[in-house]
Student: 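The structure's right below; bear with me while I get my questions together.
Just so you know, ligand 1 is whichever comes first in the structure, and atom 1 is the first atom listed for that ligand. None of the values given here were measured: they were computed from a predicted structure. For the numbers below, each heavy atom of this structure counts, side chains included, while hydrogens, waters and symmetry mates do not.
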Amino acid sequence: MQIEEKKIDEEIQGQATMLESKNPSGKKLYLESYGCQMNFSDSEVVASILIDQGYSTTKDVEEADVILMNTCSIRENAEQRVRNKLSQHNKRKKQNPSLVIGILGCMAERLKKDLLEQEKLVDLVAGPDAYRDLPNLISEVETGQKAVNVLLSREETYADIAPVRLDKGGVTGFISIMRGCDNMCSFCVVPFTRGRERSRDPQSIVAEAQDMFNKGYKEVTLLGQNVDSYKWNVTKKGEIIDPNQPTVSFAELMEKVALVDPALRVRFSTSHPKDMTDDVLHVMAKYENICKYIHLPVQSGNSEVLKRMNRGYTREWYLERIAAIKRIVPEAFISTDIITGFCGETEEQHQDTLSIMREVGYEFSYMFFYSERPKTLAERKFEDDIPLEVKKRRLSEVQEVQAELALEANSKTVGKTYEVLIEGISKRSDDFVYGRNSQNLTVIFPKGDHKPGDYVNVTIQEYTSATVKGIEAN
Ligand code: 5AD
Ligand code: SF4
């Protein structure tokens with residue numbers, strides 16, 4: 001799952017969140033999130049559940065009564081970072097024995113035994129579908145027991161829980177439209193950590209978007225592991241569940257959200273090449289407020305590797321989908337995810353990845369070297385036979401190509417004018433603001449009289465491979 005550049009930073013650092021105290025005498029929760037945007041979105045559900053119980057959140061770990069870490073398992077190094085952080089939190093517990101430490105999210109199911117029983121690093125473990133149970137789990141810990149709930153559900157979507165927005169900006173936010181994944185890509189642990197795919201009631205999604213707009217938000221991103229397989233009131237086999245209710249596809253859902261207000265931008269992530277239909281592209285083209293940006297993970301440019309990855313498409317199929325994007329939404333920027341050094345990948349197959357990158361001309365990529373994950377099809381079927389230094393060398397070649405492509409794409413924006421939604425004040429200077437255009441390109445320009453949440457037309461003057469700079473258009 002994709003997602004923002006933010007993801008990469010936060011996977012490294014984790015991010016703590018703070019909310020004003022609703023109940024000053026209540027307990028304090030320190031909630032730290034790692035990994036993909038879905039985890040950040042889940043943390044907003046967790047905060048909502050615990051604030052309802054009288055908790056307030058804090059950014060100061062020293063004053064916490066409960067520390068919860070929402071964890072990621074997607075790559076081995078993501079897990080290692082969480083372990084290091086857990087050890088630090090445990091030092092605090094020596095000084096404050098009543099401190100409750102818990103892990104949530106994708107590491108929960110996989111590591112519950114290790115972390116609870118062997119290493120004794122945590123008191124509480126809650127999987128992604130068990131967050132409603134958190135108040136009970138914390139109570140159990142307070143009576144001196146260890147508490148675990150890692151049951152995965154076929155129904156849970158938290159549709160009725162109004163997430164508490166933890167980002168302080170209040171301009172852009174995320175709406176989870178589905179949970180889990182049924183794809184079984186052979187490298188991926190997500191189907192095991194997050195369970196079966198299920199879609200959320202479209203009415204609750206539209207209501208959440210409307211509520212965010214009423215509160216001043218100007219952009220929502222619809223989130224799912226594979227948004228193109230969103231389906232409401234239809235079974236996997238295509239049978240209608242309730243004939244008295246309408247069925248809703250992803251294209252239809254996106255249209256409903258776009259209609260909330262023309263001043264509310266709509267983004268989505270992640271699309272899957274095997275499922276992305278022209279319907280979705282036509283809806284994108286029809287509504288100006290649906291952003292012209294598609295994250296379409298390719299993973300590899302070689303059809304044999306894609307087959308071993310169990311991705312469900314070939315290089316040719318992928319390129320046909322790219323051609324459809326360029327035909328129907330020609331101004332769209334396209335980004336991707338790439339894995340280097342997957343099991344059995346030859347040097348020629350790696351070259352196919354470099355060549356598909358050039359052929360598509362990605363404006364942005366998230367690039368990783370393969371790390372074997374427990375329980376996955378690849379772990380069971382293939383040997384992780386590419387030496388680490390080869391995986392890393394291939395990764396740096398992929399990164400070099402991407403830097404060239406981004407530089408080229410950004411150079412083409414010079415002289416063009418884009419509508420930019422301001423998200424915040426530039427870190428480097430208070431006189432500048434940053435935001436993104438519809439194509440998801442970060443634009444920096446002088447603040448003038450503007451503030452976060454304003455739409456401003458900006459003409460681009462300078463560029464690097466990461467950002468572009470401009471001035472307000474006349
Ligand atoms: N090793 C390396 N990268 C992985 N990804 C998922 N699983 C692995 C793995 N085992 C990458 C994929 C996916 C992104 C979210 O993370 O590129 O699209
Ligand atoms: Fe993992 Fe594939 Fe599902 Fe993405 S689509 S979450 S890579 S199994």
Student: Suppose I only count heavy atoms of R373 and a 4.0 Å limit; which atoms of ligand 1 are within that range?
Tutor: 10 (N)

Student: Looking at R373 and S73, would you say the former's side chain and the latter's main chain have a donor-acceptor pair under 3.5 Å?
Tutor: yes

Student: Side chain, backbone, both or neither: which part of F368 has a heavy atom under 4.0 Å from ligand 1?
Tutor: side chain

Student: In this structure, are over 12 heavy atoms from other groups packed under 6.0 Å from E320 atom CD?
Tutor: yes

Student: Listed by chain and number, what are the salt bridge (charged side-chain N to carboxylate O under 4.0 Å, His left out) partners of K391, not counting sequence neighbours?
Tutor: D384

Student: When you check the side-chain N and O atoms of N84 and Q80, is any donor under 3.5 Å from an acceptor?
Tutor: yes

Student: Does the N or O separation between D337 and ligand 1 drop below 3.5 Å for any pair?
Tutor: yes

Student: If the cut-off is 2.8 Å, does any N/O/S atom of C181 fall short of it from atom 3 (Fe) of ligand 2?
Tutor: yes

Student: Taking a cutoff of less than 4.0 Å between a non-hydrogen atom of the residue and any ligand atom, is R311 in contact with ligand 2?
Tutor: yes

Student: Could you tell me, atom by atom, which parts of ligand 2 come under 4.0 Å of a heavy atom of H272?
Tutor: 5 (S)

Student: Do we see a donor-acceptor contact under 3.5 Å between the side chains of N70 and D42?
Tutor: no

Student: Can you list everything that forms a side-chain contact (heavy atoms from CB on, under 4.5 Å) with S271? Sequence neighbours excluded, please.
Tutor: V227, D228, F268, I294, L296

Student: Return the option from E197, Q225, Q299 holding the heavy atom at the smallest distance from atom 4 (Fe) of ligand 2.
Tutor: Q225

Student: Name the option, out of R75, H295, Q299, that contains the heavy atom nearest to atom 3 (N) of ligand 1.
Tutor: R75

Student: Show me which atoms of ligand 2 lie under 4.0 Å from any heavy atom of N183.
Tutor: 5 (S)

Student: Just checking: C188, one of its N/O/S atoms, less than 2.8 Å away from atom 2 (Fe) of ligand 2, yes or no?
Tutor: no

Student: Mark yes or no for whether W317, through its side chain, and P273, through its backbone, hold a donor-acceptor pair below 3.5 Å.
Tutor: yes

Student: Which one holds for N226 and ligand 2: side chain close, backbone close, both close, or neither close, with close meaning a heavy atom under 4.0 Å?
Tutor: neither

Student: Can you list the atoms of ligand 1 that are under 4.0 Å from a heavy atom of I339?
Tutor: 3 (N), 4 (C), 5 (N), 12 (C), 17 (O)

Student: Taking the side chain as C-beta and beyond, is there a heavy-atom pair between I74 and V190 under 4.5 Å?
Tutor: yes

Student: Measuring from atom CG of D114 to atom CZ of R83, what distance do you get when rounded to the nearest 0.5 angstrom?
Tutor: 6.0 Å

Student: For ligand 2, is any non-hydrogen atom under 4.0 Å from P191's backbone (N, CA, C, O), its side chain (CB onward), both, or neither?
Tutor: side chain

Student: Going by the order shown, which atoms of ligand 1 are within less than 4.0 Å of some heavy atom of F187?
Tutor: 6 (C), 7 (N), 8 (C), 9 (C), 10 (N)

